[in-house]
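The next block holds one structure in the form of structure tokens; read it before the comments.
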Amino acid sequence: YYQTRKIPYFLLTSLSFSLLILTHNIMAMIFLPFFLAFIFILVIRKKNVGFIFSALFMLIHSFGLSAFYWIPAIFENNLIQSNTAILKFDFFINQFVKWIEFVKPQWGGDTITHELGPAHLIFLILSLFTSILVFRKQKRLSLLIIFFFLLLMFSLFMQTLMSLSLWQIFSPLNFVQFPWRFSGISMFFTSIIGGSVFLLLGKFPKLAIGSLMLSAAIVLILQGNYFSTPKLISSAADDSFINLNEAFLPKEYIPAGVKENPPKQITYPILADNYQNINAWEIEKDSKSYSFSINLNNPQIIVVPIYYFPGWSAAVNNINISINRQAKTGLILINLPSGENRVDLAFQNTPLRSNANLITL
């Protein structure tokens with residue numbers, strides 16, 4: 001887009017950054033300063049200050065496209081126990097990476113590997129060496145590669161204990177949780193620099209294409225272990241997490257009103273006063289709805305195995321009713337009359353979420 005100023009490239013750039021936000025909001029937050037640094041370099045290369053406004057509008061467009069996701073994530077953050085996601089210092093201090101780990105393979109077991117990859121390092125070194133050799137002929141490209149290399153080194157620095165003071169000074173970094181999340185930036189710039197060797201070999205197209213195919217083959221052979229999926233969780237309904245072991249419970253995803261677990265694990269609707277089981281049938285559930293039929297001799301208050309969160313609504317026999325929640329467990333409570341009832345709960349948008357959807361639209 002910087003070179004052509006054509007609308008399709010503008011749309012592709014803004015779309016790609018919005019997809020990064022949707023992929024992982026923390027990674028988007030980490031990547032944004034590097035993106036702004038790249039824009040700054042583009043501006044000073046040709047002293048084109050006007051490009052800053054185009055870039056800012058591009059970012060605004062990206063944030064608009066992804067507004068349906070990040071606006072609720074930020075402005076409804078107080079509705080979940082997000083403070084539990086901030087690591088304590090004694091745990092955080094052990095998450096830094098040693099420099100040797102960037103080149104040392106650690107695949108296997110529960111160990112998190114931090115290596116950049118042998119093939120990536122080989123082509124990174126080749127690219128740096130080649131850019132020095134052709135510096136006079138391809139000065140702009142060589143300077144850009146050097147700039148990317150500096151950003152790469154900074155991303156590696158942020159993963160090591162040497163950067164501790166920066167983590168302590170800049171409080172927004174607390175939401176990153178793990179210093180090694182900067183490895184996403186490191187991998188990106190390692191690939192960019194390593195791949196640029198094929199641009200430097202532009203005058204030798206056959207050599208460039210052959211080297212590209214060889215590098216891809218080397219990566220697949222050496223890094224094959226990283227393409228495995230250990231386990232997939234097929235369902236994550238609320239009743240799978242209620243009253244689980246404290247160490248397993250992902251607390252940062254639990255609503256703020258949840259103070260304690262119920263006295264027993266609840267997988268079906270039960271009576272609220274004594275936690276006795278009741279005969280509910282035709283139970284249908286997914287992440288946005290929960291329906292069941294029940295026959296009661298007397299009016300009862302029923303506990304539904306769903307954590308209350310703004311947006312849940314309920315209807316009994318197609319008539320809307322109000323929803324309550326237990327004071328300490330945060331589970332949904334509904335008042336049911338005697339007789340046969342069909343209960344339908346649905347998770348809907350709050351005004352904030354609806355407005356965020358309109359912005360994206």
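Fair warning: this is a prediction, and the values are worked out from it, not measured in the lab.
When every heavy atom of Lys259 is checked against every heavy atom of Ala327, the shortest pair comes out as CG-O, 4.5 Å. Across Ile21 and Ser62, no two heavy atoms sit closer than the pair CD1-O, 4.4 Å. The two residues Pro72 and Leu352 have their closest heavy-atom pair at CA-CD2, 4.2 Å. The nearest pair of heavy atoms linking Leu152 to Phe189 is CB-CB, 4.0 Å. Considering all non-hydrogen atoms of both residues, Asn320 and Ala315 come closest at OD1-CB, 3.7 Å. Nearest heavy-atom pair across Pro337 and Leu296 is O-CD1, 3.8 Å.
The residue from Phe188, Phe182, Phe148 that alone fulfils the side chain to side chain contact (heavy atoms under 4.5 Å, CB included) condition with Phe34 is Phe182.
You'll find the side chain of Ile145 stays beyond 4.5 Å of the side chain of Phe149, heavy atoms only. The shortest distance between side-chain heavy atoms of Leu36 and Leu59 falls below 4.5 Å. Leu151 has its side chain out of reach of Ile185: every pair of non-hydrogen atoms, C-beta onward, lies at least 4.5 Å apart. Residues Asn279 and Asn295 have side chains not in contact (no heavy-atom distance under 4.5 Å, counting atoms from C-beta outward). Counting heavy atoms from C-beta on, the side chains of Leu126 and Ile122 come closer than 4.5 Å. Looking only at side-chain heavy atoms (C-beta outward), Ile39 and Tyr2 stay at 4.5 Å or farther from each other. Two residues are said to be in side-chain contact when any heavy atoms from C-beta on lie closer than 4.5 Å; Leu333 and Val303 meet this criterion. Between His114 and Pro179, every side-chain heavy-atom pair lies at or beyond the 4.5 Å cut-off.
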Steps toward side-chain contact (heavy atoms from CB on, under 4.5 Å) verdict (Leu12, Tyr1) | CA-CA 9 Å; Leu12 283 172; Tyr1 174 69; over 6 Å; no
Stepwise side-chain hydrogen bond (donor to acceptor under 3.5 Å, both in side chains) check, Ser338 with Asn298 | CA-CA 5 Å; Ser338 58; Asn298 303 300; over 6 Å; no
Show your reasoning for whether side-chain contact (heavy atoms from CB on, under 4.5 Å) applies to Asn25 and Trp70.
-> CA-CA 8 Å; Asn25 52 358; Trp70 67 264; 5.9 Å; no
Candidate pair Arg181 and His24, rule side-chain contact (heavy atoms from CB on, under 4.5 Å), full reasoning | CA-CA 11 Å; Arg181 275 189 166 145; His24 199 276; 4.0 Å; yes
Assess whether side-chain contact (heavy atoms from CB on, under 4.5 Å) is satisfied between Leu128 and Ile125, documenting all intermediate values.
-> CA-CA 5 Å; Leu128 291 173; Ile125 295 170; 5.7 Å; no
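With no hydrogens or angles considered, a side-chain donor-acceptor pair links Asp286 and Ser289 at under 3.5 Å.
The aromatic rings of His61 and Phe10 lie parallel to each other, with less than 30° between the two planes, well short of the 60° mark. Between Phe17 and Phe31, the angle of the ring planes lies from 30° to 60°, which puts this pair in the tilted group.
Using a distance-only test at 3.5 Å, with no hydrogens or angles considered, no donor-acceptor pair links the side chain of Asn335 to the main chain of Ile301. In terms of modelled atom types and a separation under 3.5 Å, the side chain of Gln81 and the main chain of Pro255 share a donor-acceptor contact. No donor-acceptor pair under 3.5 Å is formed between the side chain of Ser313 and the backbone N or O of Phe347. With hydrogens and angles disregarded, no donor-acceptor distance shorter than 3.5 Å links the side chain of Tyr290 to the backbone of Ile306. At least one donor-acceptor pair under 3.5 Å links the side chain of Ser163 to the backbone N or O of Phe157. Although no hydrogens or angles enter the test, the distance criterion places a donor-acceptor pair under 3.5 Å between the side chain of Asn341 and the main chain of Gly339. The closest donor-acceptor contact from the side chain of Ser354 to the backbone of Pro351 lies at 3.5 Å or more, if one exists at all. With hydrogens and angles ignored, the 3.5 Å screen pairs no side-chain donor or acceptor of Arg325 with any backbone N or O of Val258. Side-chain N or O atoms of Thr190 include none that pairs as donor or acceptor with a backbone N or O of His120 at under 3.5 Å. Of the possible polar contacts, none joining the Ser127 side chain to the Phe123 backbone as a donor-acceptor pair under 3.5 Å is found.
Distance check: Ile302 CD1 to Ile294 CD1 gives 4.5 Å after rounding to the nearest 0.5 Å.
In this structure, the ring of Trp312 has its center no less than 6.0 angstrom from the ring center of Phe309.
Residue pairs meeting the salt bridge (charged side-chain N to carboxylate O under 4.0 Å, His left out) criterion with at least one member in residues 206-222, sequence neighbours excluded, do not occur. Residue pairs meeting the side-chain hydrogen bond (donor to acceptor under 3.5 Å, both in side chains) criterion with at least one member in residues 140-162, sequence neighbours excluded: Ser155-Ser186, Gln159-Ser186.
A 6.0 Å sphere centred on OH of Tyr275 holds more than 12 heavy atoms belonging to other residues, nucleotides or ligands. Crowding of Leu361 atom CG: a count of heavy atoms from other residues, nucleotides or ligands under 6.0 Å not exceeding 12. Other residues, nucleotides and ligands place more than 12 heavy atoms under 6.0 Å from the CG atom of Asp273.
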